[in-house]
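Report on the structure given below.
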Amino acid sequence: MTYTVGRYLGTRLAQIGLKHHFAVAGDYNLVLLDQLLATPDLKQVYCCNELNCGFSAEGYARANGAGAAVVTFSVGALSALNAIGGAYAENLPVILISGAPNSNDIGSGHILHHTIGLPDYGYQLEIAKRLTCAAVSITSAQEAPVLIDHAIRTALREKKPAYIEIACNVSAAPCSPPGPVSALLRDVPSDPDTLEAAVAASVEFLASRKKVSLLIGSKLRAAEAEDAALQLGKTLSCAVATMAAAKSFYPENDPHYIGTYWGDASSAGVREIMDWSDGIVALAPVFNDYSTAGWTAWPQGENVLLAEPHHVHVNGRTFDGIHLKDYLAALSQRLSGEITRPDTLKEFQRVVRPSAPVAAAAPGDRLVRAEMARQIAQLITPQTTIVAETGDSWFNALRMTLPEGARVELEMQWGHIGWSVPATFGYAVASPERRIITMVGDGSFQLTAQEVAQMVRLKLPVIIFLVNNRGYTIEVEIHDGPYNNIKNWDYAGLMSAFNAEDGKGLGLRATTGGELSDAIAKALKNQDGPTLIECQIERDDCTSELISWGRRVAAANARPPRKAD
Ligand code: TPU
Ligand code: MG
């Protein structure tokens, strides 16, 4: 068959495992959308706006490995680019596809609608280049396959977003045969000699230390190294902690797992064990101001072996050009039967007693955070994914103990409030078989609320716990002022507006523990649409971790400027 540019692109998206793409229509992309609709095995899913479209594709990529969003030029794409920045920060290969001006207009001096009113339309590509690993502009059908393949291949290899703009008069043009012959190359293999040298240096590091622990970082999933990390934990028999943004990237039911390492917001005993360790093997971590709790908990120096997705730093040497999963597998194999390091785990078991379960509140008592979190935690099964928004929802999710298979999705590097609603939508489209639970604050929800309407449209039975604490509590704990108060909404009442005449979404409100358990029971029965449960709690009713972490972040923000020499 003859492939048009749009069909070629659609076929490539299907070949990399996409079953859906997210879209908002506009005249620059309508013909392209027609072409994508004609692609077998690729469904088109619509969003309310382009920011949400980008985040939906981002959420889809979390569940499916990659995602795609199709938007119109400028007015659409510039909104979507915020979510693309998020995909870059979060290491997710999201392909942003934008319709673009007719190729005849380029260089003609014409002023076009939706642009900034100048005859140069190149600004969008320039912006996209800063926020993606590959950005291409397609203005002729002949070059389209090469450019499309370059963008998609680079995104998959680097686990970063890519950008493709297609002139609106080129989408339906036939491109050069034979079309997409076979699947795209995903990666180049690890260099065997470097791998060998990295493993040898790492064995030396481990052999000279007794109190070794493993620290799991948030790039581990993008590095496709979760299984290999588990294998290394078992091989070393040491204590294993996850960084906050890597919650659920290591099975919490594994006997070596000790909890979250996050400075003084760590789970009980974990900071003490990490501080006590004389060798920390850090796997694909992101050490930023938030994850180090305002630079107060940053493992570095000679006692840290830092294994990144494509290189390893150990004993003052760097080994580049290897894949983390290959390195971890080779290291486990080399260590097996010779070196184990159980001291950190033994010490943890000595110093930390299992905490007593939180007692249920009386059903008629005013709802408090602890009771809300207790009831949500009871819902978690191996099929659950918790999507937790920036705010105290982060800290509530981090406290939950996960059975094997349960996942937590966080967007801690980008930290765009409102991310969780469209990301939940995208995730649910990708993984309808999972039970998806979203925890989102009132302030965050107000940014992207309308995407709940798309969950209604597609009848996705997600459960959204909307924490109405009347404001930006996370900001209150960092630095308070009148800007942290927000207009209250009737959140539960929104659902009837989203349902309109045909939707099956459910909006419920809980002001007591009893009302919350009733609402949850109704949510579990509602399989024909989302259930939003507005949980009303006091403004200052938050986790102790938020308070101590907020204090650290405030102190880091308040460091005075350096003095001039
Ligand atoms: O649980 P809680 O009350 O902390 O969460 P809520 O109500 O969702 O409040 C979140 C407050 C917040 C803001 C305003 N967290 N971070 N920010 C700053 C911010 C502003 N704009 C964007 C797009 N992202 C942000 N993180
Ligand atoms: Mg709030």
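When a ligand or atom number is given, it counts from 1 through the structure's own listing order. Positions are given from 1 along the sequence.
For ligand 1, the atoms lying closer than 4.0 Å to a non-hydrogen atom of Gly441 are 5 (O), 6 (P), 7 (O), 8 (O). Near Asn469, meaning under 4.0 Å from one of its heavy atoms, ligand 1 places the atoms 1 (O), 2 (P), 3 (O). Close contacts of ligand 1 with Ser444, meaning ligand atoms under 4.0 Å from a residue heavy atom, involve 6 (P), 8 (O), 10 (C).
Remark: among candidates Leu51, Ile474, Thr448, the nearest residue to atom 10 (C) of ligand 1 is Ile474, based on non-hydrogen atoms. In the candidate list Gly471, Gly550, Gly443, Gly471 is nearest to atom 3 (O) of ligand 1, counting heavy atoms. Residue nearest to atom 12 (C) of ligand 1, selected from Glu475, Arg539, Glu477: Glu475 (by heavy-atom distance).
A 4.5 Å side-chain heavy-atom check between Leu379 and Leu524 finds at least one atom pair inside the cut-off.
A donor-acceptor contact under 3.5 angstrom links the side chains of Thr438 and Thr424, judged on distance only. In this structure, a donor-acceptor pair under 3.5 Å is present between the side chains of Asp27 and His113. At a cut-off of 3.5 Å, with distance as the only test, no side-chain donor of Thr132 or Tyr88 sits close to an acceptor on the other residue. For the residue pair Ser431 / Tyr60, no side-chain donor-acceptor distance below 3.5 Å is found, with atom types taken as modelled.
Within the 6.0 Å centre-distance limit, the rings of Phe395 and Trp549 are counted as a close aromatic pair.
In terms of N/O distances under 3.5 Å, ligand 1 is approached by Gly415. Geometrically, ligand 1 and Asp392 share a nitrogen or oxygen pair separated by less than 3.5 Å. Any N or O atom pair closer than 3.5 Å counts here, and Phe445 shares no such pair with ligand 1.
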For residues 452-459, please give each side-chain donor-acceptor pair under 3.5 Å, one per line with the distance, not counting sequence neighbours.
unit_1: Gln454; atom_1: OE1; unit_2: Arg457; atom_2: NH1; d: 3.3

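The side-chain contact (heavy atoms from CB on, under 4.5 Å) with Val71 is formed by just one residue from the set Leu96, Leu78, Ile97; it is Leu96. With Arg369 as the fixed residue, the side-chain hydrogen bond (donor to acceptor under 3.5 Å, both in side chains) test singles out one of Asn469, Asp392, Asn396: Asn396.
Look at Asp442 and you'll find a heavy atom under 4.0 Å from some atom of ligand 1.
The aromatic rings of Phe425 and Phe22 sit perpendicular, their planes meeting at an angle over 60°, well past the 30° parallel limit.
By the 4.0 Å N-to-carboxylate-O rule, Glu226 lies close enough to Arg407 to be salt-bridged with it.
Under 2.8 Å from the Mg ion (ligand 2), one finds the following protein N/O/S atoms: Asp442 OD1, Asn469 OD1, Gly471 O.
Looking from atom 22 (C) of ligand 1 to the surrounding protein, the closest heavy atom is Ile417 CG1, 3.5 Å.
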